[in-house]
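Reading through the structure tokens given below for one structure.
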There are 2 protein chains.
Amino acid sequence: MQVMENFNHPCGKCAFYGESVWQPVADGAVSVLTRSFVRKDLEVGQVLFDQGSTNRGVFCVSRGLIALRTHHADGSSTLMRLAYPGEIIGLRAFLRDGAHQTEARALLGSRVCTVARRDANHIVQGNPAVLTRLALRCVEEVDTNHERIIGAATTSNKQRLTGLLLRLMENHGERIGGQLRMQLPLSRRDLADLLGVQPETLSRLVGRLKKEGFFSFAGREVGIPAQSLSAGVRS
Amino acid sequence: MQVMENFNHPCGKCAFYGESVWQPVADGAVSVLTRSFVRKDLEVGQVLFDQGSTNRGVFCVSRGLIALRTHHADGSSTLMRLAYPGEIIGLRAFLRDGAHQTEARALLGSRVCTVARRDANHIVQGNPAVLTRLALRCVEEVDTNHERIIGAATTSNKQRLTGLLLRLMENHGERIGGQLRMQLPLSRRDLADLLGVQPETLSRLVGRLKKEGFFSFAGREVGIPAQSLSAGVRS
DNA sequence: TCGTGTCATTGACGATCGTCAATTTATCCG
DNA sequence: CGGATAAATTGACGATCGTCAATGACACGA
């Protein structure tokens with residue numbers, strides 16, 4: 001097997017770096033598909049892909065700055081993430097085989113390395129190490145500051161505590177006498193850690209929820225009145 | 001190629017579900033390594049792995065509840081994440097080939113499905129689709145509520161804004177007359193979105209940072225005095 | 001039973017945040 | 001240049017949060 005062309009990769013930072021896409025031609029030789037890694041320059045404000053688009057490929061930012069923005073039904077929009085050089089865009093849509101959940105737009109003059117969906121699949125199937133790099137990149141992006149910033153305080157602490165308690169009840173709650181209740185496996189301190197607040201603040205959040213009647217607390221026990229379960233979550 | 005044993009997988013939820021680990025024996029037949037997926041039961045409080053441990057494998061929670069906790073140098077600890085049934089633990093250490101950053105301990109009587117590192121590598125190299133599932137699972141966990149909860153308000157908004165500005169300067173700032181400065185490609189509204197606060201609050205955060213002198217703002221321009229750069233970030 | 005230590009709650013106070021409103025500044029276009 | 005529109009800032013006020021401190025509840029061992 002012989003590679004006929006030494007491909008000049010447009011991006012030295014992305015997870016596909018060093019990979020080539022080839023197809024067999026004859027006599028065991030292969031032809032490199034040079035159009036697999038398409039260098040694409042974006043002007044300020046130019047859209048890389050639209051929200052809801054199914055043109056699934058994987059993009060990695062070579063330089064510049066890309067904003068991933070979600071447009072809501074009421075016409076407003078929220079900036080969800082910034083993609084800095086070296087980061088990957090569209091991985092979720094690629095892996096899920098679904099539509100993009102955000103619009104990607106250049107905030108600065110930018111260059112991205114585009115890997116078409118078919119070619120990305122080709123690479124990934126031929127070399128699992130690439131997918132390992134993709135998955136690792138994905139894990140690492142979770143740790144970056146701006147990822148943690150996202151969605152931090154958009155919902156109130158009361159809502160977040162409610163969500164956490166409901167999730168716990170959902171997994172481990174028991175029906176006892178018309179109530180869904182459970183023994184909380186977490187200390188107040190642990191709950192406070194998860195919400196990122198002080199234990200005293202958490203205690204007051206618990207107190208407010210108790211007073212509003214949707215949750216009942218007895219020490220480390222928490223319960224939900226059965227009739228409330230179908231009524232949904234209060235604000 | 002013939003699989004000699006139909007392996008009974010202990011966990012119907014994890015990303016490895018449906019996969020078998022086999023090795024060739026003779027005549028093109030393969031032997032399933034039944035010990036690849038080890039069902040492990042944990043009592044309340046039992047430790048699955050310690051922080052800093054390099055016993056890298058991939059675990060998926062079959063039932064129960066696992067707490068991932070980081071221990072700090074001063075003896076305190078912080079609950080970083082809860083792993084519910086169906087979720088994966090240790091993926092980061094596995095992909096990075098590094099040590100676990102957290103201690104994993106059962107909060108309830110739990111069962112996990114253990115895939116040894118060697119076997120996980122074996123599966124992943126033999127079937128890229130598994131790694132796709134792993135990566136997808138990783139992407140999806142970012143979206144879950146409790147992942148968003150983590151690290152939300154642990155650092156003050158002022159610190160988070162400082163980190164965001166520094167990251168932007170780092171990537172796109174220019175040295176102009178003893179100052180590192182840049183044209184902010186984001187509106188105030190965008191900055192507020194990223195921090196999860198209201199635009200008015202962001203305006204006041206900017207104002208405080210400006211008054212403290214570490215950053216200078218002029219409309220959409222932001223700068224850092226050169227002498228401050230080596231001094232580090234103020235609180 | 002009685003300490004004792006840990007955890008949870010409550011109070012007080014200053015700081016910050018969300019909301020509404022008004023004002024100032026910036027930007028765009030004729 | 002001037003006017004219109006949008007963006008950013010500032011003020012005011014009530015609600016919430018962080019911090020320090022005190023109190024109450026609970027488990028555990030002597």
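Each chain gets a letter, A, B and so on, in the order its sequence line appears, and its residues count up from 1. Small disclaimer: the values here were computed from a predicted structure and weren't measured.
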Rounded to whole angstroms, how far apart are [atom1] on [X] and [atom2] on [N]?
X         : N       : atom1 : atom2 : result
Glu221(A) : dC7(C)  : CD    : P     : 20 Å
Arg188(A) : dT10(C) : CZ    : P     : 10 Å
Leu209(A) : dT16(D) : CG    : P     : 12 Å
Leu161(B) : dC17(C) : CG    : P     : 11 Å
Gln198(A) : dC20(D) : CD    : P     : 10 Å
Glu200(B) : dT24(C) : CD    : P     : 17 Å
Arg220(A) : dT6(C)  : CZ    : P     : 15 Å
Arg189(B) : dA8(D)  : CZ    : C1'   : 13 Å

### Message
Tell me if a side-chain donor or acceptor on Thr114(A) pairs with a main-chain N or O of Phe59(A) at a distance below 3.5 Å.
### Response
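No; zero donor-acceptor contacts below 3.5 Å.
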### Query
What's the spacing between Arg188(B) CZ and Ser203(B) OG if we round to 0.5 Å?
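Interatomic distance, Arg188(B) CZ to Ser203(B) OG, rounded to 0.5 Å: 7.0 Å.
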Looking at [X] and [Y], does any basic side-chain N land under 4.0 Å from a carboxylate oxygen?
X         : Y         : answer
Lys158(A) : Glu212(A) : yes
Asp190(A) : Arg69(B)  : yes
Arg181(B) : Glu174(B) : no

What nitrogen or oxygen pairs link the protein and nucleotides 12-15 of chain D at under 3.5 Å?
from	atom 1	to	atom 2	distance (Å)
dA12(D)	N6	Arg204(B)	NH2	3.0

### Message
Of the options dC17(C), dT10(C), dA8(C), whose atoms approach the side-chain atoms of Thr201(B) most closely?
### Response
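It is dC17(C).
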### Query
Parallel under 30°, tilted from 30 to 60°, perpendicular over 60°: which one fits the rings of Phe49(B) and His100(B)?
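Rings of Phe49(B) and His100(B): parallel, as their planes differ by under 30°.
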